[in-house]
2 protein chains.
Amino acid sequence: MVAALAGVSRSTVSRVVNASPRVTPGAISAVTAAIETLGYVPNQAARSLASRKTYTIAVIIPENTAKFFSDPYFASVIHGVATHLGNTEYTLTLLIASEAHPEKTRRYLQGGSVDGALILSHHADDSSYLQLSSTLPVVFGGRPMSNTRPADAGPVPRNHIVDVDNVAASTTATRYLLEHGRRRIATIAGPQNMAAGFDRLVGWRAAIAETAQNPDLVAFGDFTPPGGESAMRELLARGESFDGIFIASSQMAFGALRVLREHGISVPGDVAITTVDNDYFAQNSTPPLTCIEQPVAELGVEIAQTLVRLINGESVAELSVMPTRLIERESV
Amino acid sequence: MVAALAGVSRSTVSRVVNASPRVTPGAISAVTAAIETLGYVPNQAARSLASRKTYTIAVIIPENTAKFFSDPYFASVIHGVATHLGNTEYTLTLLIASEAHPEKTRRYLQGGSVDGALILSHHADDSSYLQLSSTLPVVFGGRPMSNTRPADAGPVPRNHIVDVDNVAASTTATRYLLEHGRRRIATIAGPQNMAAGFDRLVGWRAAIAETAQNPDLVAFGDFTPPGGESAMRELLARGESFDGIFIASSQMAFGALRVLREHGISVPGDVAITTVDNDYFAQNSTPPLTCIEQPVAELGVEIAQTLVRLINGESVAELSVMPTRLIERESV
DNA sequence: CGACTGGGAGGGACCGCTCCCACGAACGGC
DNA sequence: GCCGTTCGTGGGAGCGGTCCCTCCCAGTCG
């Protein structure tokens, strides 16, 4: 191996590879030369077996990849994560969790293949991840879902969370409609088994509660354009009129807009819209949408930073809430 | 450890964990019980060090994640890959390649962390991956780019490729416009450093070459909606008229449509459109687009299958070309 | 000039698992 | 009843690193 060619011991090779300060320049150059000619790459398995470190971090993503991938939100957050991790010694890996074979994911995570895990967009359904942090450093991007509800099986370990205040954000977006003279405000809410869906409906309700309106103008979508379409169709089919609507994601808003256009309903003339996520859809629909912007990239950075600190054993705040801001466009 | 609690040797534990047939039912139940009470998860590093297998496969994705994620094509292909791998013992991992620190990716891939790698959408720029297959089983989803050009540094090892015939597909799509009476056919081509972009332009040229048309009605985009927008603006700004256009991706077509609408140019009245990728954009734009459909999920399955066979040392065809088909809609 | 000091290099145990080999018991055939 | 098989099990040698401990040698000081 390398040690023989360089004429030194394995210990010295290890020191050179790990940039230990106490090595003679001569030894360093001999070893690097040997590494070069041999095309040597240290075996990660052996290394992590001995050192109990892998320097890789996993982002766990649900198997139903289509939804995950198509949402610019995740792309941006992951970009933020990757950016931060790029400056560290950690490698980022996205782990596709096969729902049919959860033990594969478990083996990977608990078998020491990674130093820590990131969970974005947690569903109420996969409660397994709530326990993960007792085995492994874990950070949730967005509050995990069961925290709203009583723990069903044993105590849930304290989880580290980086989130935005979805309730406040949607209250703001809904009030904005009211402040601009709209009186009957509907909403298209997201999936109720995800915090972003749940909390944004809570926020809408909070704003509506301050008015005399009957809070029943709700339809549900799955955060995708087709989901927004069918939710809007459902809302229109009910025959109740509304002059403003808060839509829980710009992708749904995009789908909903198509339906409004079909029905000859003008925006913002007949119906004003506010939504969440300042992405391509919000910026480029007709008209461009007034929306709540989340600091997506910063969110990613913060999540990554939190996890790395956790791995290093530093003490980190359990909850970090990032600010949002409202961007005014032509849809109101 | 587990062996002590179960009252057997480590060898027997290993046999049980690896489902070896030659173990007494009694021993099996004793070991599984011990595993259960101890919450034992085998250490992957130790295991892969000893067995030289990791049972994980990486999809390498370029750092500029935004483009990658937002393209439904990748989501579908990866879904296909994940589906196939879900039925095997392999775990799928997406490796975000930090371009600023290529050695991190190299260590991960060549350091024995994975049994094989998948490369989707290879750019001409990252030639490093062309050599990867001499170290590791590798399959390219879509022909790697330098294959068109003379090797610049040493011999390129033979790479396994799963692809669609992009040239034929775009020729078909362009001819379709001609067959429907269009006479001046433009194109919005994709990035020329990617095979999908390059080949689709070649295909368009091939169809145009059969006509008397001057083949200069080309603008370039980056496969995204904004890219399609600016390409269309550029095309219109040139002042040359055209009554048909082949757009190399439906996302670009989506952006281009916005511009046509702005300019009051009707589709298909004034300009007919064909494109590639039967995704949400093609199906839901106004009007819905005639397009070439790629068998995206099947492509993923085929890619995964090929890689697993390669890892198992089976002999596999170096090139597998999947069929495409044209779907007629209202844009022509 | 000898003893002390400290930094660089080597030796070997060990990380947790796999896998080969050897051992012993049970069983069947002659 | 003895020997040859077969099958389950245990023992031990690695896999390729890390890291602690020891050793050696050169430089310094009394």
Side-chain angles (χ1 to χ4, degrees), chain A residues 1-35 38-56 89 91 103-104 106-115 135-136, chain B residues 1-35 38-56 89 91 103-104 106-115 135-136:
Chain A
M1 67 177 285
V2 176
L5 180 60
V8 299
S9 71
R10 296 187 306 157
S11 308
T12 304
V13 173
S14 177
R15 288 187 195 101
V16 172
V17 170
N18 294 294
S20 157
R22 314 199 149 179
V23 190
T24 325
I28 295 184
S29 55
V31 171
T32 41
I35 287 178
L38 263 50
Y40 167 78
V41 179
N43 180 302
Q44 293 304 127
R47 184 176 246 203
S48 93
L49 178 60
S51 69
R52 336 210 114 259
K53 282 285 287 179
T54 65
Y55 290 106
T56 99
E89 21 192 15
T91 294
E103 78 284 358
K104 279 167 64 175
R106 180 152 167 269
R107 288 209 162 189
Y108 192 83
L109 292 175
Q110 309 202 339
S113 299
V114 297
D115 289 345
T135 327
L136 194 73
Chain B
M1 68 177 283
V2 176
L5 181 60
V8 299
S9 70
R10 294 187 310 156
S11 307
T12 302
V13 173
S14 176
R15 288 190 193 98
V16 172
V17 169
N18 294 294
S20 158
R22 313 199 150 180
V23 189
T24 326
I28 295 184
S29 56
V31 171
T32 41
I35 287 178
L38 261 51
Y40 168 77
V41 178
N43 180 303
Q44 294 304 125
R47 180 177 253 206
S48 92
L49 179 59
S51 69
R52 335 212 112 259
K53 284 285 288 180
T54 65
Y55 290 106
T56 98
E89 22 192 15
T91 294
E103 77 284 358
K104 278 167 66 177
R106 181 153 165 268
R107 287 210 163 187
Y108 192 82
L109 292 175
Q110 309 201 340
S113 300
V114 298
D115 289 345
T135 327
L136 195 73

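Computed over heavy atoms, backbone and side chain alike; hydrogens, waters and symmetry mates excluded. Sequence lines set the chain letters: A, B, ... in the order given, protein chains first and strands last, and positions in each chain run from 1.
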Heavy atoms only, 4.0 Å cut-off, all strands: where does B:Val23 land among base, sugar-phosphate and nothing? sugar-phosphate
Whole angstrom is fine here: how far is it from CZ in A:Arg47 over to P in D:dG16? 15 Å
Taking the side chain as everything from C-beta on, heavy atoms only, tell me whether A:Val16 gets closer than 4.5 Å to A:Thr32. yes
Where the side chain of B:Ser14 is concerned, which of D:dC19, D:dG8, C:dT18 is the nearest nucleotide? C:dT18
Quickly work out the A:Lys53 NZ to D:dC19 P distance and round it to whole Å. 12 Å
Classify the nucleic acid contact of A:Ala27 as base, sugar-phosphate or nothing, counting any heavy atom under 4.0 Å across all strands shown. sugar-phosphate
It should be established whether A:Asn18 places a side-chain nitrogen or oxygen under 4.0 Å from OP1 or OP2 of nucleotide D:dT18. yes
Nucleotide C:dC17, atom C1' - distance to OH of B:Tyr55 in whole Å: 14 Å
With distance as the sole criterion, do the side chain of A:Ser48 and the base of D:dG17 form a donor-acceptor contact below 3.5 Å? no
Touch class at under 4.0 angstrom, heavy-atom based, for A:Val8 against every strand present: sugar-phosphate
Quickly work out the B:Gln44 CD to C:dG16 C1' distance and round it to whole Å. 11 Å
B:Arg52 has an atom CZ; how far is it from atom P of D:dG17, in whole Å? 9 Å
Is any side-chain heavy atom of B:Val31 closer than 4.5 Å to one of B:Val8? yes
Side chain of B:Thr12: nearest nucleotide among C:dT18, D:dG10, D:dG16? D:dG10
Hey, is the side chain of A:Ser51 pairing donor to acceptor with the base of D:dG17 inside 3.5 Å? no
Name the closest nucleotide to the B:Ser11 side chain, picking from D:dG16, C:dT18, D:dG10. D:dG10
Quick check: do A:Gln110 and A:Leu136 have side-chain heavy atoms less than 4.5 Å from each other? no
Considering only heavy side-chain atoms of B:Ala46, the closest of C:dC17, C:dT18, D:dG16 is C:dC17
Take B:Arg22 and B:Arg15 through the test side chain to side chain contact (heavy atoms under 4.5 Å, CB included) and record every step on the way to the result. CA-CA 8 Å; B:Arg22 313 199 150 180; B:Arg15 288 190 193 98; 5.6 Å; no
Residue whose nearest DNA chain C nucleotide is more 5′ - A:Arg10 or A:Arg15: A:Arg15
Could you check how far CG of B:Leu49 sits from P of C:dC19, rounded to whole Å? 12 Å
Side chain of A:Arg22 - closest among C:dG10, C:dA9, C:dG8: C:dG8
In whole angstrom, what separates B:Asn43's CG from D:dG16's C1'? 14 Å
When every non-hydrogen atom of B:Thr54 is compared with those of B:Gly112, the smallest separation belongs to CG2-O, 3.1 Å
